[in-house]
Every structure is written in C-alpha cells, then in structure tokens.
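Keep in mind that the numbers below use all heavy atoms, side chains included, and drop hydrogens, waters and symmetry copies.
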Amino acid sequence: MARVGAAAAARPSDPVLTRVVAQDQIPWYRKRNLRRLYALLLPTCIGIEMTSGFDSQMINTVQIAPTWQAYFDNPKGPLLGIISAAYNLGAIFALPLVPFVNDRFGRRWAIFIGSWIMVFGALVQTLSVHAGMYIAARFILGFGIPFCIIAGSALMGELAHPKERPIMTSLFNALWFVGSLIAAGVSYGTQSLDDDWAWRIPSLLQAGPSLLQIVFIFLIPESPRFLISQDRREEAFHILSTYHAEGHAESAFAKAEMAQIEHTIRIELQHSQRSWFEMVAVPGFRRRVIICSFLGLFTQWSGNTLLSYYLNDLLGLIGYHDAEFKGKVNVGLNSWNLVNAVVISLLVRRFARRTMYLICASSLLCCYVVWTVAVQQYGETGHVAAARLTVAVIFVYQACYNIGYNALTYTFLVELFPFAQRTKGITIFQFFSRTAGFFTTFVNPIGLERVQWRWLIMYCAWLAFEIVFIYFMFPETYGRTLEELAFLFEDRARADEATTHVEKQMLWGERRGSGVVSEERRLSREMDVVVARKGDGDDWEERRGIGLVLDRG
C-alpha cells in the first residue's frame, strides 16, 4: 500500500532482532516460565479493561431496570448524559498524575494505586442514595482507571516476549468484552428483583477486576525497560533471561535483547528531556502526538458509544421497548463481541497495521450508512424488516470496530512511542479518548431525543474523515520490536547506532560460542565505555558497557 504524508516519513530501523525472533519455532505454551508469566498477566494487566467494559455495560443495562429508573426519577437528557459521562470526566482529571506515578514508582505501583481508587468508587456507587452521590462515585471510578490502563498496557508490551507481544497487547482491549458480558448478564439477572439491589449488586461487582489486580500485581515482575532506566540493569537482565530465555543466563537471544533495549534507552535519554513540552516541540514527537490524539477521537467518535451506553434508546427508535428483549440483545451482543474480538486479536500478527485500520474504518462507514437508512425507513414506514436489519447491522458493526479500534489500539500505541515518552504518549491518547467519550456520552442522548435518526448522519461524515486521516497519517509499525520502532520519526543515525550495538552483541555471542574469541577482544569488549545520562539535569558520567553485565553470566 502506497504511503504518503506522515505515513511515508516513518523509518523503522533494520529488524535485526525481529529476524532472530522469527526463527524461534517453540510455542509459548511449551515454555514453562513464559507460560507462568502470561497466566499472571491475565488478571493483572489484560484484565484491566474488564473494569471499563463492566462500567459501560452496567450503566447501559441498569437503565433498562425499572427500579433504577424509579430510584433516580427517570433521568433524561443532560442528567442521563452526565451520569454516563462522569466516568470519563474523572479519568480526564487523573491524567496529569499518571505519567509521574509511572515514571517515578513503576508500572506495578501505578496499577496498585489505581485499583484501590476504583474499589473505593465501586463501594460509593453501591451505597449511593441520590443522583449526585451516584455521579460522584462514577467520577471516582473514572479517576482510578487511567492509572491502570496506561501502566498495564505499557507493562504488558514491555514484559511480553517479542513474538507474542502484538497478541498480548491486542487481548488487552479484547477483555473489555469479558467485563461487559459479565455486567450485561448480571444486570439482566437482577432485573427480576423488585428492590434497589437490582442495580446495587452490579455496582458492587464492579470492584471485582480491581481486587484481582490488587491481589496479583506484585506476583509479576516490573518492566525491564523501567528497571534499566533506573540503573537496575542486573534485575532487568534477570527478568529477560528468566522469561524470554527460560532461565538461561547465557542465552544469546536474551543478551542481544538486553543490548538492544539498553542501548536504545541510552540513546533516547541522551536526546530526550522526558518533558511534556518535548511532545509538541520536537517534530518526531509532534507527529506521534497528532496521530495518537486523533486515534483517541476515533475510538470514541466512531459511533461505538451509542451502543455501549444507549442501546436502550437505539432499540426504542426501531420499536423495541420490551425490557426482557433488550436484555437478551445486550447479552447476545456482548457474547458476539467477546468471541470475534479474541479471534481478531489472535490474528494481528498476520496483517499490517495500516491495512487493518483502513478496513476497520471503511467497513464502519458502510455499516453506519446502512444503519441510518434502515432507521429512517422504519421511522417512515414502520416495517419490521427495517428494524430487523438495524439489529443485524449492529452486530456486524461491532465486529468491524474490533478489527482496528479494539484489537490494535494499545498494540499500535506501545509501538508508536519510545520508552522515554511511552506513558506520556498513552496519556495523551487517553486524554483525547476520555474527552471524546465524555462529550459523546453527554450529547448522544440529547441528539437522539431531538433529531432522532438524523443524529446518525453525523457519524457517517466523521467516519469518512477517519479513512482519509488513517491513509495519510498512520505509519506502519508491523513486524518490529519496540526498540526497532523507537526512532520511527527521528534521525536514522540513531536507529543505526542501536542496531550496530545489537549486531555486535550477536556477533560476539556467535564467536564466543565457537571458541574463536581472543582474550584481547574479550578484554576490549569488557572495557568498552559508553556515555550515558543518568537522569534529567544530572551530570554526565562514564560507565561500563553492556558487555560486563552480559558476558560474566
């Protein structure tokens, strides 16, 4: 596919380590340590989005419950909008703090802190006695979720083996539907209750995923890239050799991976102040910010928030008012979403990122055009065929959305930003995503109430813009390690420097293994001196190169 604009400016480095990874034919489930790591990543990182999925479906399904409507005096328009949007509003207020916690204390502590905030929010939501308290509880829940999402997506991408990393980061968003399915099922089951527990039980259960993260988070290792940035190189190499080389400290692959990570981070820190100003002042980061900002808008303004929060109103537009029928459609829709989202996540290694995003946006536009026409026809004729077509299009739409905006979002973001600015980059994405989510969840009920089916036309126009933007702006990040993508928009010399260090390490390993390395070359390698910056504003210091750590075993 021809690339133009910013897409053509992307220059990933030579995939030296990626070619080595491709030669590994042993599946992950036959590697004991890696299997254990992935099992622990399930509740601690991959499961984080279950909270968001649970929230969106819970607020969607409780609206169907007559007891919730009666307790909060049948909220409509702006009140209903702010009840739904408070979750995203809380997330927006938390975002300035998230990169600081991540970069200062590490990924695991950020997840731990965010999880406790959400447990507290779930308790307040359960005990709410009026709409104001309910809105405040949802604000608290939203305040906690960015700590977990930003840290969890980064940690999973930085811990996973390069071979499985795209799949693991894609599953991060796919498990959103586990939470939404549980919420839909629980809320459907509690609808039969005639008291307030019909909506209080789902509210209490929203603390479940966060409790799992609290229990298991310190059973997984910290990001080796974070440890390297903190001068804890021995710990980082131990993690890489344990999980990526099954405990073999002399593994040539683990040593080459360590060399690539350390030298890339060293080069990054030499040229980066890790500041917010740098994100808009430096051309390469400015391009990344533009791309991730619009990606944040796309994930929320593609019409998906209508289904996540206002399925009740959408079905009402086509004549379906029975609460039981709506509950069944909601459970069926979430079951379908979970299946196709997981399947698509398992296939992300087979297709280029730009291709998947373009297919996603184009198919969503087709779905919305058909959807708009079907709802308009039902409004004029009342034909049941138009209503049934609308329900079918809703199911097709969800599968199309999952191709790109669900499966690739965090995979693409982790690949787009280098380590030095990764959490800030994902934070910017979250800001635009949450702001867009707040806006759409607030105005959607107003738009549906005032202009009915015409509100869908706005999404058709926006989806057409998405296709154009993706084609001109999205770079290709497929088939590279994170370090091979670190200088995607920067001077190619930086990428070449990092690649040279990896090639030297691989050549050194081969020669050492064959027994032809001379003592002089070994000593020369050990005394190799690199210049590294210890931190922002600190003095420059000389320290030994990676050979000392890697060659002594």
Asker: Please tell me whether F474 and F412 form a close aromatic pair, meaning their ring centres lie under 6.0 Å apart.
Answerer: yes
Asker: Nearest 0.5 Å please: distance from the CZ atom of R225 over to the OG1 atom of T264.
Answerer: 9.0 Å
Asker: Parallel, tilted or perpendicular for W336 and F395, by the 30°/60° rule?
Answerer: tilted
Asker: Counting distance only, does the side-chain N/O of Y401 pair as donor-acceptor with the main-chain N or O of G303 below 3.5 Å?
Answerer: no
Asker: Hey, mind stepping through N334 and S180 against side chain to side chain donor-acceptor pair (under 3.5 Å) and telling me if it holds?
Answerer: CA-CA 6 Å; N334 282 283; S180 65; 2.6 Å; yes
Asker: If I take atom CG from residue L175 and atom CG from residue L181, how far apart are they, to the nearest 0.5 angstrom?
Answerer: 11.0 Å
Asker: Does the plane of the ring in F294 sit parallel, tilted or perpendicular to the ring in F465? Use 30° and 60° as the thresholds.
Answerer: tilted
Asker: Under the rule for ring-ring contact (aromatic ring centres under 6.0 Å, His included), what residues qualify as partners of F100, not counting sequence neighbours?
Answerer: none
Asker: Test side chain to side chain donor-acceptor pair (under 3.5 Å) on Q398 and N340; report intermediate values, then the result.
Answerer: CA-CA 9 Å; Q398 290 286 33; N340 67 66; over 6 Å; no
Asker: Kindly indicate, with the supporting measurements, whether the criterion side-chain contact (heavy atoms from CB on, under 4.5 Å) is fulfilled by S241 and S251.
Answerer: CA-CA 7 Å; S241 61; S251 166; 5.9 Å; no
Asker: Is it true that a side-chain atom of S302 and a backbone atom of T299 form a donor plus acceptor pair closer than 3.5 Å?
Answerer: no
Asker: What pairs of residues pass the salt bridge (charged side-chain N to carboxylate O under 4.0 Å, His left out) test when at least one of them lies in residues 397-419, not counting sequence neighbours?
Answerer: R165-E415, R353-E415
Asker: State, to 0.1 Å, how close T427 and L95 come at their nearest heavy-atom pair, and which atoms those are.
Answerer: CG2-O, 3.5 Å
Asker: How far apart are the closest heavy atoms of T51 and S210, and which atoms are they?
Answerer: OG1-OG, 4.0 Å
Asker: Which heavy atom in C148 sits nearest to a heavy atom in M118, and how many Å separate them?
Answerer: SG-CE, 3.6 Å
Asker: Quick check, are the ring centers of W116 and F147 under 6.0 angstrom apart?
Answerer: no
Asker: Charged N to carboxylate O under 4.0 angstrom, K31 versus D24?
Answerer: yes
Asker: How far apart are the C-alpha atoms of L485 and F417, what are their side-chain angles, what is the distance that settles it, and do they pass the side-chain contact (heavy atoms from CB on, under 4.5 Å) test?
Answerer: CA-CA 8 Å; L485 293 165; F417 286 94; over 6 Å; no
Asker: Should E278 and K424 be marked as a salt bridge (charged side-chain N to carboxylate O under 4.0 Å, His left out) after you check the CA-CA gap, both sets of side-chain angles, and the distance that decides it?
Answerer: CA-CA 11 Å; E278 183 180 46; K424 287 185 176 65; over 6 Å; no
Asker: Looking at every non-hydrogen atom in both residues, tell me the closest pair between G157 and T169 and how far apart they are.
Answerer: CA-CG2, 3.9 Å
Asker: Among all residues two or more places apart in sequence or in another chain, which pass the salt bridge (charged side-chain N to carboxylate O under 4.0 Å, His left out) test with E222?
Answerer: R108
Asker: How about T411 and S170: does a side-chain donor come under 3.5 Å of a side-chain acceptor?
Answerer: yes
Asker: Under a 3.5 Å distance rule, please check whether E476 uses its side chain to pair with a backbone N or O of Y478 as donor and acceptor.
Answerer: yes
Asker: Side chain of E268, backbone of F419: donor and acceptor closer than 3.5 Å?
Answerer: yes
Asker: I would like to know whether Y397 and N304 meet side-chain contact (heavy atoms from CB on, under 4.5 Å); could you show each step before the answer?
Answerer: CA-CA 9 Å; Y397 167 90; N304 50 305; 3.6 Å; yes
Asker: Check side-chain hydrogen bond (donor to acceptor under 3.5 Å, both in side chains) between E246 and all other residues, then give those that pass, not counting sequence neighbours.
Answerer: none
Asker: With rounding to the nearest 0.5 Å, note down the distance linking CG in L227 to CD in Q230.
Answerer: 8.0 Å
Asker: How close do I214 and F112 get, counting heavy atoms only, and between which atoms?
Answerer: CG2-CE1, 3.8 Å
Asker: Can you tell me how far apart CD1 (I291) and CG (L413) are? Round to the nearest 0.5 Å.
Answerer: 10.5 Å
Asker: Pair I239, Y243 - check side-chain contact (heavy atoms from CB on, under 4.5 Å), show working.
Answerer: CA-CA 6 Å; I239 292 171; Y243 295 104; 4.0 Å; yes
Asker: Hey, does the side chain of W301 reach the backbone of A436 with a donor-acceptor pair shorter than 3.5 angstrom?
Answerer: yes
Asker: Give a yes or no on this: more than 12 heavy atoms of other residues, nucleotides or ligands lie within 6.0 Å of atom CZ of R36.
Answerer: no
Asker: May I ask you to decide if F177's main-chain N or O and N337's side chain share a donor-acceptor pair within less than 3.5 Å?
Answerer: no
Asker: Assign the ring pair Y405 / F298 to parallel, tilted or perpendicular, where the plane angle (0 to 90°) is split at 30° and 60°.
Answerer: tilted
Asker: Whether the side chain of N33 engages the backbone of T242 through a donor-acceptor N/O pair (distance < 3.5 Å, no angle test) should be reported.
Answerer: yes
Asker: Are any side-chain N or O atoms of R354 and backbone N or O atoms of Y471, one a donor and one an acceptor, separated by less than 3.5 Å?
Answerer: yes
Asker: On a heavy-atom basis, which atom in L159 and which in P221 lie closest, and how many Å separate them?
Answerer: CD1-O, 3.4 Å
Asker: Between S52 and E49, is there a side-chain donor-acceptor contact under 3.5 Å, judged purely by atom types and distance?
Answerer: yes
Asker: Can any side-chain N or O of S229 pair as donor or acceptor with the backbone N or O of F226 at less than 3.5 Å?
Answerer: yes
Asker: Between H161 and F253, does the ring pair (Phe, Tyr, Trp, His ring centres under 6.0 Å) criterion hold? Intermediate values first, please.
Answerer: CA-CA 11 Å; H161 191 284; F253 172 73; 5.3 Å; yes
Asker: Tell me, please, whether F285 has R288 positioned over its six-membered ring: NZ or CZ under 6.0 Å from the ring centre and within 45 degrees of its axis?
Answerer: yes
Asker: Would you find a donor on one side and an acceptor on the other, under 3.5 Å apart, between the side chain of R107 and the backbone of S153?
Answerer: no
Asker: For W276, give me all partners under ring-ring contact (aromatic ring centres under 6.0 Å, His included), at least two apart in sequence or on another chain.
Answerer: none
Asker: Do T477 and L488 have side chains that get closer than 4.5 Å, going by heavy atoms?
Answerer: yes
Asker: Between D103 and T423, does the side chain to side chain donor-acceptor pair (under 3.5 Å) criterion hold? Intermediate values first, please.
Answerer: CA-CA 8 Å; D103 294 337; T423 55; 3.3 Å; yes
Asker: Can you sort out the partners of A91 under side-chain contact (heavy atoms from CB on, under 4.5 Å), two or more places apart, ordered by chain and number?
Answerer: I145, P146, R434
Asker: Verify the distance criterion only: is there a donor paired with an acceptor across the side chains of Y38 and E164 at less than 3.5 Å?
Answerer: yes
